[in-house]
Amino acid sequence: MQSQYSQLSASSVAIIGGGIAGATAAVHFAELGLNVTLIEKKPSLVSGPPICHLHAGGNLYREISTEQCLELLKQSIDTARLYPQTINNRPTVIAVPYADGGTPEELYERLISIQSAYKQLVVEDERNKVLGEPEDYYRFYSRNEIEALAEKQQPAEPKTFDDWMIPFAKHADLNSLRFPVVVVQEPGWSVFRIAASAMLTLEQRSNCQLMLGTKVVDLKEQDGWLIECQTEAGERTSVKADFLINACGYETGHIDDLADKPRDRLVEFKAAYVTKWPECQDLWPEVIFHGPRGTPNGMAQLTPYPNGVFQLHGMTKDITLFDEGLVASCSGSSQPKLPNKLEKKIITGWDEATVLARSRRAIEHMARFVPDYKQAHEFGTPLFGAQQIPGNDETLRAADVTFSGKNYARMEVVKGSSALEAAIKMVEHWNLYRYESQSVEALHPVTMSLDAQAVERKAKQIAEDRAYPQELAEYYGM
Ligand SMILES: Cc1cc2nc3c(=O)[nH]c(=O)nc-3n(C[C@H](O)[C@H](O)[C@H](O)COP(=O)(O)OP(=O)(O)OC[C@H]3O[C@@H](n4cnc5c(N)ncnc54)[C@H](O)[C@@H]3O)c2cc1C
């Protein structure tokens, strides 16, 4: 449905790469009624590196500026409104172990700023209240309060912070932690339900041409762009477009090289492990145990799903991080080169022994803070991949889009929640549509019409096709 106030461009837009960045841009452009082609080499959308956390406030990253946290907050709220069926509504606990060397007080000032920004966004538009009441955005717990919660039984449907803190109180090794601990309304995010939402929307928009299983192999800039593609069956096709968007994630540099649009960037390979804790009866919040990145005490992250399935990150070199896993572009190419052994993991997958060894280490790392986690076992293929970080600051987390020439853009999202803002910036920069202060909901009628059960069904099918447990696609939360 086209707004009567908008000014629709007859221009055509081609997007290379159907990860969360390219797929979200395609959803947004298609919903505006623009003529868009999305070219993705894999058989389905949003199948790049994992996404489990919305980063609604950036509180997991102590090293980033408050400005980046506020940007992530705003972007996350808009994204939760765009993809309402993809959010797992449960909070995140942030604990600072003695082994970390930091203090919980460091989190305090920033939380106040983020809470006040959230309050303001809700005052501006009640629909921004996707993270609960602003007054309840976070809460600190003393050791006494946690010990009192350890005596309680978790209700079948946890609602309050107290309810969610009960499993943490019962199972975390409180002697290893500095107090207070904080709980914050940063929800989870399901990569499979994002993939399902984007696919279901684009399948309904006849102004979006979806070219799956099609790889871009060459580019020519000639009064717009001529994009040469090759299908999985080896057939060559070409696409003409006025505007070209490079949304190739960690492979963005290859397309920059073909387009002759140089750019500095970093690429980092990381992995998280899928585990099952069969004895676990409670509904956990996400839990972050802080620790210095890349050291044996690196941060441990527990991300809950239904039926005792948990995804684990351990920011040590032998769990989530890898030797030579962070690489930079050079003067000859905008594409950073990962070591062959890591590139091979992306292309052909993992060998069973490495999956087992790294998953076990992830479990042991978590058991340092949650001793009963020793009962957990490895539960299938890791969630892994490489992500780009534009420029040369490896701590950058809020980034969106850059332009080169008059009709070439690269989406350079580090966190998935930046994708919608990047898409809006491209529309504005190229004057493709005139926004008239319509809401996220009004701009995306097809996405808004998606049914939660249909999204979950499709997400489970995608999880099965990619050989991941169904639980990763199911809704989890209050
Ligand atoms: C372990 C790990 C955990 C993470 N956790 C989170 C999290 O919790 N929350 C969060 O927001 N972010 C998280 N991230 C980051 C996030 O996954 C990435 O930033 C995000 O997926 C980037 O999306 P993208 O669309 O830019 O790239 P991608 O998802 O990599 O998509 C790029 C697409 O381009 C396609 N492509 C490439 N070359 C071509 C070509 N020549 N022709 C056609 N298609 C092509 C690829 O097949 C791919 O599908 C995590 C990353 C990792 C590694």
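First listed ligand is number 1; within each ligand, the first listed atom is number 1. These numbers come from a predicted model, not from an experiment. Counting begins at 1 with the first residue of the sequence. All values below were derived from every heavy atom in this structure, side-chain atoms included, with hydrogens, water molecules and symmetry-related copies excluded.
Contact annotation for His55 and ligand 1: only side-chain heavy atoms (C-beta onward) come within less than 4.0 Å of the ligand. Residue contacts with ligand 1 for Ala23 are absent, since no atom lies close enough (heavy atoms, distance under 4.0 Å). Within the 4.0 Å heavy-atom criterion, the part of Ile16 lying near ligand 1 is the side chain and not the backbone. Within the 4.0 Å heavy-atom criterion, neither part of His254 lies near ligand 1. With a heavy-atom cut-off of 4.0 Å, His53 touches ligand 1 through backbone and side chain alike.
Not one N or O of Leu383 is nearer than 3.5 Å to an N or O of ligand 1, by distance alone. No N or O atom of Ala386 sits closer than 3.5 Å to an N or O atom of ligand 1. Note: no N/O pair closer than 3.5 Å links Gly22 and ligand 1 by distance alone. For the pair Gly416 and ligand 1, the shortest N or O to N or O distance falls below 3.5 Å. Here's the thing with Phe384: none of its N/O atoms is less than 3.5 angstrom from an N/O atom of ligand 1. Checking only distances, Lys41 does come within under 3.5 Å of ligand 1, N or O to N or O.
Per-residue contacts place Ala247 under 4.0 angstrom from the following atoms of ligand 1 (heavy atoms of the residue considered): 32 (C), 33 (C), 34 (O). Below 4.0 Å from some heavy atom of Thr214 lie the following atoms of ligand 1, by number and element: 43 (C). Listed by atom number, the atoms of ligand 1 under 4.0 Å from Cys52 heavy atoms are 7 (C), 8 (O). Residue Ile39 has at least one heavy-atom neighbour below 4.0 Å for each of these atoms of ligand 1: 43 (C), 44 (N). For ligand 1, the atoms closer than 4.0 angstrom to any heavy atom of His313 are 1 (C), 3 (C). Ligand-side atoms of ligand 1 in range of Lys42: 47 (O), range being under 4.0 angstrom from any heavy atom.
Regarding atom 23 (O) of ligand 1, its nearest protein heavy-atom neighbour is Ile20 CG2, 3.5 Å. Annotation: atom 33 (C) of ligand 1 to nearest protein heavy atom, Glu40 OE1, 3.5 Å. Taking atom 37 (C) of ligand 1 as the reference point, the nearest protein heavy-atom neighbour is Glu251 OE1, 3.1 Å. Of the protein's non-hydrogen atoms, the one nearest atom 2 (C) of ligand 1 is Pro50 CG, 3.5 Å. Scanning the protein for heavy atoms near atom 22 (C) of ligand 1, the closest one is Val413 CG2, 4.0 Å. In this structure, the protein non-hydrogen atom closest to atom 27 (O) of ligand 1 is Gly249 CA, 3.2 Å. Closest to atom 42 (N) of ligand 1 among all protein heavy atoms lies Val216 N, 3.0 Å. Among protein heavy atoms, the minimum distance from atom 19 (O) of ligand 1 is reached at Val414 O, 2.6 Å.
In this comparison of Pro49, Ser44, Gly48, the heavy atom closest to atom 21 (O) of ligand 1 sits on Pro49. Here atom 24 (P) of ligand 1 lies nearest to Ala21 when heavy atoms of Ala422, Ala25, Gly18, Ala21 are compared.
Less than 6.0 angstrom separates the ring centroid of Trp430 from the ring centroid of Phe403. For Tyr305 and Phe310, the gap between ring centers reaches or exceeds 6.0 Å. Aromatic pair Trp225/Tyr408: centroids less than 6.0 angstrom apart.
Judged by a 6.0 Å distance limit and a 45° cone about the ring axis, Arg397 is positioned over the six-membered ring of Tyr61. With a 6.0 Å cutoff to the six-membered ring centre and a 45° limit on the axis angle, Arg265 does not count as a cation-pi contact of Tyr250.
Ion pair Lys337/Glu324 not flagged as a salt bridge, since none of the NZ, NE, NH1 or NH2 atoms sits closer than 4.0 Å to an Asp/Glu carboxylate oxygen. Note on Arg358 versus Asp318: no salt bridge recorded, every NZ/NE/NH1/NH2 to OD/OE distance being 4.0 Å or above. Between Asp465 and Lys460 no salt bridge is recorded (no basic side-chain N to carboxylate O distance below 4.0 Å).
Ring planes of Tyr118 and Tyr137: tilted class, angle from 30 to 60°. In this pair, Phe168 and Phe289 present their aromatic rings parallel. The plane angle is below 30°, not in the 30 to 60° band. Using cut-offs of 30° and 60° on the angle between ring planes, the pair His171 and Trp277 is perpendicular.
For Glu268, the salt bridge (Lys or Arg N to Asp or Glu O under 4.0 Å) partners are Arg293, not counting sequence neighbours. Listed by chain and number, the residues in a ring-ring contact (aromatic ring centres under 6.0 Å, His included) with Phe29 amount to none (sequence neighbours excluded).
Side-chain contact between Lys74 and Asp78 is present, with heavy atoms from C-beta onward closer than 4.5 Å.
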**Prompt:** Could you walk me through whether His377 and Thr275 pass the side chain to side chain contact (heavy atoms under 4.5 Å, CB included) check?
**Reply:** CA-CA 5 Å; His377 59 79; Thr275 62; over 6 Å; no

